[in-house]
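The next block holds one structure in the form of structure tokens; read it before the comments.
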Amino acid sequence: MSSPELTLKEYLKVFNVVILKGEKENQLYNLEGIKAWHDFDGYTCFLGYKDVTLTLLFHGRYSFDYDKKENLSAFLVLLTKILKGVEHD
């Protein structure tokens with residue numbers, strides 16, 4: 001399932017912001033509750049929050065996995081907040 005809330009480019013931008021500005025915890029980066037990580041070769045990237053995982057795949061595809069719709073909504077709000085913070089930098 002894809003969300004109309006943000007574009008793939010915006011999701012990738014958030015991923016980069018979390019990697020650059022977040023605190024590293026083992027193999028994960030954490031910024032404002034959003035976690036970012038990637039697989040061993042970097043072709044698949046992930047953003048996570050509570051039970052929500054956004055998988056950013058090679059060739060421009062992405063997918064969401066979640067149990068609770070309210071967590072997905074909160075996740076999208078946090079991603080938008082991070083994007084707005086970048087626009088003001």
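These figures come from a predicted structure and were not determined experimentally.
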Inset, instruction - Taking all non-hydrogen atoms of both residues into account, name the closest pair between Ile34 and Val18 and its distance. - result: O-CG1, 3.7 Å
Legend entry - Minimum heavy-atom distance Tyr49-Gly33, with the two atoms named: CD1-O, 3.4 Å
Going from [atom1] on [X] to [atom2] on [Y], what distance comes out if it is rounded to the nearest 0.5 angstrom?
X     : Y     : atom1 : atom2 : result
Asp39 : Cys45 : CG    : SG    : 7.5 Å
Lys81 : Leu83 : NZ    : CG    : 12.5 Å
Lys35 : Glu23 : NZ    : CD    : 10.0 Å
Leu54 : Phe15 : CG    : CZ    : 10.5 Å
Lys13 : Leu8  : NZ    : CG    : 13.5 Å
Leu31 : Ile19 : CG    : CD1   : 10.0 Å

Any link between [X] and [Y] through a network of hydrophobic side chains (Ile, Leu, Val, Met, Phe, Trp, Tyr) touching at under 4.5 Å?
X     : Y     : value
Val77 : Leu79 : no
Tyr11 : Leu20 : no
Tyr43 : Leu28 : no

Inset, instruction - Anything under 30° is parallel, anything over 60° is perpendicular, the rest tilted; go ahead and classify Phe46 against Trp37. - result: parallel
Flag the pair [X] / [Y] as yes when at least one side-chain heavy-atom distance between them is below 4.5 Å, and no otherwise.
X     : Y     : answer
Thr44 : His38 : no
Leu78 : Leu76 : no
Leu57 : Tyr62 : no
Thr7  : Lys9  : yes
Asp51 : Leu72 : no
Tyr29 : Lys21 : no
Leu47 : Phe75 : yes

Legend entry - Over 12 foreign heavy atoms within 6.0 Å of CD, Glu25: yes
Inset, instruction - Tell me, yes or no, whether the heavy-atom count around Glu70 atom CD, taken from other residues, nucleotides or ligands under 6.0 Å, exceeds 12. - result: yes
Mark yes or no for whether [X], through its side chain, and [Y], through its backbone, hold a donor-acceptor pair below 3.5 Å.
X     : Y     : answer
Asn71 : Lys50 : no
Asn30 : Gly22 : no
Asp65 : Val52 : no

Legend entry - Intermediate values then yes/no, side-chain contact (heavy atoms from CB on, under 4.5 Å), Tyr66 and Thr53: CA-CA 6 Å; Tyr66 60 93; Thr53 301; over 6 Å; no
